[in-house]
A.B. asks: 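Got a structure for you, written out below as structure tokens; questions coming shortly.
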Amino acid sequence: MSAKKQKDTGDAPRGVLIEPGWKGTVRDIDPRSTPGFDGKKKDGQQRLTELDAPIDELQERLYAQSRATGEGPSVLLVVQGMDTSGKGGIMRHVVGGVDPQGVHITGFKAPTRAEKRHDFLWRIRKQVPGPGIIGVFDRSHYEDVLIHRVHGWADGNEIRHRYAAINAFEKELVEAGTTVVKVMLHLSHAEQGERLMERLERPDKHWKYNPGDVDERLRWEEYMDAYDKALAATSTEAAPWHVVPADRKWYARIAVQQLLLDALQGIDPQWPAADFDIRGEIERLTATLD
């Protein structure tokens with residue numbers, strides 16, 4: 001079934017789920033669509049605000065649950081997308097709404113010379129979230145099967161080897177108690193052009209502009225092909241992909257927020273039981289208040 005024909009089966013914004021065995025193309029998903037949500041921008045903004053509190057509580061419970069034993073589940077949110085697709089906005093408006101001590105954000109840049117001496121997953125493994133932590137990858141191990149395919153830095157056999165390694169790695173994470181949420185922020189070519197132009201026209205956004213972004217933009221169709229192949233090869237039962245239309249920033253944020261909420265609710269973390277005599281401590285404290 002093509003992505004265009006897939007329908008959101010829930011009653012909330014989650015983008016488009018890429019089922020294992022998918023044979024479609026991201027080109028069939030409208031970057032301006034809002035699957036699972038019929039409201040307007042103001043409704044989306046209100047929803048974003050309203051869900052901050054339940055996510056914050058679930059995240060605190062997740063963190064607290066692991067403090068007693070040093071063990072427990074975690075969440076890994078992988079965010080991929082073309083330049084200007086809104087990854088920074090996800091970090092600020094979605095992930096930024098929870099207690100920072102329970103969050104670990106890693107922005108993967110080009111590997112260093114030392115990192116290149118190791119397997120491509122070596123530096124990724126060092127950043128996976130520990131018990132009770134929400135880990136966020138701003139770009140990720142998928143760069144090694146996207147940009148490397150587009151630029152020909154790895155041949156077809158090596159890319160297929162990396163797909164298999166990624167699937168094994170993510171399966172290992174899930175079996176160890178990490179819920180993996182993978183999101184592709186799906187931006188249109190036209191919208192990216194407008195966002196890049198805004199960075200050039202506004203002095204306060206010049207720092208965000210990279211001349212290399214235009215070079216990558218010229219390879220747009222190659223990147224879409226690379227995403228199609230990567231999604232088809234690595235969307236698994238254990239760690240499926242969601243393609244989130246990103247031309248409307250407000251929709252992308254509420255969709256990723258919902259996916260994060262789903263992950264936390266699926267874990268259902270509980271407050272840890274006290275390991276001390278509560279009544280006795282109340283009496284001791286009360287004595288000091290007198």
Side-chain angles (χ1 to χ4, degrees), residues 3-4 6 8 12-18 22 24-37 41 44-45 47-48 75-97 105-109 134-147 150 180-196 198-199 205 208 210 213 216-217 219-232 234-235 239-263:
K4 189 174 183 179
Q6 292 183 32
D8 186 278
R14 296 182 175 89
V16 176
L17 171 65
I18 302 302
W22 180 70
T25 172
V26 295
R27 297 175 180 85
D28 285 343
I29 302 172
D30 182 359
R32 288 191 61 79
S33 63
T34 60
F37 192 73
K41 180 177 180 179
Q45 292 172 330
R47 178 188 178 87
L48 189 71
V75 176
L76 174 60
L77 172 62
V78 176
V79 184
Q80 284 288 149
M82 297 292 286
D83 296 312
T84 78
S85 59
K87 295 183 292 294
I90 297 298
M91 304 305 140
R92 291 190 300 275
H93 298 282
V94 179
V95 182
I105 300 176
T106 306
F108 288 99
K109 306 298 183 183
I134 296 176
V136 186
F137 287 175
D138 180 356
R139 298 185 186 272
S140 66
H141 42 298
Y142 284 95
E143 295 294 289
D144 291 276
V145 294
L146 293 168
I147 189 171
V150 170
V180 179
V181 180
K182 300 188 298 191
V183 173
M184 177 206 173
L185 297 177
H186 181 41
L187 186 71
S188 70
H189 187 262
E191 180 67 19
Q192 189 201 48
E194 292 181 11
R195 294 183 186 180
L196 287 173
E198 182 184 32
R199 291 182 178 182
K205 290 188 177 290
K208 288 187 173 184
N210 181 347
D213 291 346
E216 297 304 296
R217 176 174 166 79
R219 295 174 175 268
W220 187 272
E221 290 304 317
E222 295 172 77
Y223 271 105
M224 294 303 102
D225 286 339
Y227 268 106
D228 285 345
K229 290 180 172 62
L231 295 178
T234 62
S235 198
W241 277 99
H242 283 82
V243 175
V244 172
D247 275 16
R248 303 176 193 266
K249 293 180 181 179
W250 61 267
Y251 174 78
R253 292 166 186 169
I254 64 172
V256 176
Q257 182 189 54
Q258 181 64 50
L259 292 171
L260 182 57
L261 179 62
D262 290 345

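Counting begins at 1 with the first residue of the sequence. These numbers come from a predicted model, not from an experiment. Reckoned from all heavy atoms, side chains included, excluding hydrogens, waters and symmetry mates.
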A.B. asks: Does any non-hydrogen side-chain atom of Lys182 lie less than 4.5 Å from one of Tyr142?
C.D. replies: yes

A.B. asks: To the closest 0.5 Å, what do you measure between CG (Leu196) and OG1 (Thr84)?
C.D. replies: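 One finds 5.0 Å between CG of Leu196 and OG1 of Thr84.
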
A.B. asks: With rounding to the nearest 0.5 angstrom, report the CG to CD1 distance, Leu260 to Ile90.
C.D. replies: 10.5 Å

A.B. asks: Please list, chain by chain and in numerical order, all residues satisfying side-chain hydrogen bond (donor to acceptor under 3.5 Å, both in side chains) with Arg47, sequence neighbours excluded.
C.D. replies: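 Scan of Arg47 (side-chain hydrogen bond (donor to acceptor under 3.5 Å, both in side chains), adjacent residues dropped) gives Gln258.
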
A.B. asks: Restricting to pairs with a member in residues 76-97, which pass salt bridge (Lys or Arg N to Asp or Glu O under 4.0 Å), not counting sequence neighbours?
C.D. replies: Asp83-Arg139

A.B. asks: Please list, chain by chain and in numerical order, all residues satisfying side-chain hydrogen bond (donor to acceptor under 3.5 Å, both in side chains) with Gln80, sequence neighbours excluded.
C.D. replies: Ser140, Glu143

A.B. asks: Just wondering, do Val256 and Leu77 contact through their side chains at under 4.5 Å, heavy atoms?
C.D. replies: yes

A.B. asks: How close do Gly44 and Ile254 get, heavy atom to heavy atom, and via which atoms?
C.D. replies: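 Looks like O-CG2, 3.2 Å.
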
A.B. asks: Specify the closest pair of heavy atoms between Ala246 and Ala252, including all atoms of both residues, with the distance to one decimal.
C.D. replies: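 Result for this residue pair: CA-CB, 4.1 Å.
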
A.B. asks: Tell me, please, which residues at least two apart from His242 pass side chain to side chain contact (heavy atoms under 4.5 Å, CB included).
C.D. replies: Arg14, Leu17, Leu259

A.B. asks: Looking only at non-hydrogen atoms, find the nearest pair between Ala230 and Trp241 and report the distance.
C.D. replies: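 Scanning both residues completely, I find the closest heavy atoms to be O-NE1, 4.3 Å.
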
A.B. asks: Which pair of heavy atoms, one from Val26 and one from Met224, lies closest together, and at what distance?
C.D. replies: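 Looks like CG2-SD, 3.9 Å.
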
A.B. asks: Holding to side-chain hydrogen bond (donor to acceptor under 3.5 Å, both in side chains), I want the full list of residues that pass it with Arg248, two or more places apart in sequence or in another chain.
C.D. replies: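 So Arg248 forms no side-chain hydrogen bond (donor to acceptor under 3.5 Å, both in side chains) with any residue.
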
A.B. asks: Partners of His186 by ring-ring contact (aromatic ring centres under 6.0 Å, His included), sequence neighbours excluded?
C.D. replies: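 None.
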
A.B. asks: Can you give me the closest heavy-atom contact between Ser235 and Pro240, atom names plus distance?
C.D. replies: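 Minimum heavy-atom separation between Ser235 and Pro240: OG-CA, 3.4 Å.
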
A.B. asks: If you measure from CZ on Arg195 to OG on Ser85, what distance do you get to the nearest 0.5 Å?
C.D. replies: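 Reported to 0.5 Å precision, the distance equals 7.5 Å.
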
A.B. asks: Is there a donor-acceptor pair closer than 3.5 Å between any side-chain N or O of Tyr251 and the backbone N or O of Gly15?
C.D. replies: yes

A.B. asks: Is there a side chain to side chain contact (heavy atoms under 4.5 Å, CB included) between Leu76 and Val181? Walk through the geometry before answering.
C.D. replies: CA-CA 6 Å; Leu76 174 60; Val181 180; over 6 Å; no

A.B. asks: Specify the closest pair of heavy atoms between Arg253 and Val94, including all atoms of both residues, with the distance to one decimal.
C.D. replies: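 Looks like O-CG2, 3.4 Å.
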
A.B. asks: Would you find more than 12 non-hydrogen atoms of other residues, nucleotides or ligands less than 6.0 Å from Lys41 atom NZ?
C.D. replies: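 Open.
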
A.B. asks: Residues in ring-ring contact (aromatic ring centres under 6.0 Å, His included) with Tyr223, at least two apart?
C.D. replies: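 With neighbours one apart ignored, the set is empty.
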
A.B. asks: Who pairs with Glu198 by salt bridge (Lys or Arg N to Asp or Glu O under 4.0 Å), at least two apart in sequence or on another chain?
C.D. replies: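 For Glu198 the salt bridge (Lys or Arg N to Asp or Glu O under 4.0 Å) partners, ignoring immediate neighbours, are Arg202.
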
A.B. asks: Apply ring-ring contact (aromatic ring centres under 6.0 Å, His included) to Tyr227 and list each qualifying residue two or more places apart in sequence or on a separate chain.
C.D. replies: none

A.B. asks: Only counting residues at least two apart or in another chain, list the ones meeting salt bridge (Lys or Arg N to Asp or Glu O under 4.0 Å) with Asp138.
C.D. replies: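 Residues passing salt bridge (Lys or Arg N to Asp or Glu O under 4.0 Å) with Asp138: none at all.
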
A.B. asks: Sequence neighbours excluded, which residues qualify as side-chain hydrogen bond (donor to acceptor under 3.5 Å, both in side chains) partners of Arg32?
C.D. replies: none

A.B. asks: Who pairs with Asp225 by salt bridge (Lys or Arg N to Asp or Glu O under 4.0 Å), at least two apart in sequence or on another chain?
C.D. replies: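 Partners of Asp225 by the salt bridge (Lys or Arg N to Asp or Glu O under 4.0 Å) criterion, ordered by chain and then number, come out as Arg27.
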
A.B. asks: Can you check whether Asp28's main-chain N or O pairs, donor with acceptor, with Thr25's side chain at less than 3.5 Å?
C.D. replies: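 The answer is no, because no donor-acceptor pair under 3.5 Å joins these two groups.
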
A.B. asks: Is there a donor-acceptor pair closer than 3.5 Å between any side-chain N or O of Lys249 and the backbone N or O of Gly86?
C.D. replies: no

A.B. asks: Indicate yes or no: at least one non-hydrogen side-chain atom of Arg199 is less than 4.5 angstrom from one of Asp213.
C.D. replies: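 Counting from C-beta outward, Arg199 and Asp213 do come under 4.5 Å.
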
A.B. asks: In the structure I gave you, are the side-chain heavy atoms of Thr34 and Trp250 within less than 4.5 Å of one another anywhere?
C.D. replies: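 When only atoms from C-beta onward are counted, Trp250 and Thr34 do touch, with a gap below 4.5 Å.
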
A.B. asks: Does some side-chain heavy atom of Glu221 sit less than 4.5 Å from a side-chain heavy atom of His189?
C.D. replies: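 In short, these two side chains do not touch, never coming nearer than 4.5 Å.
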
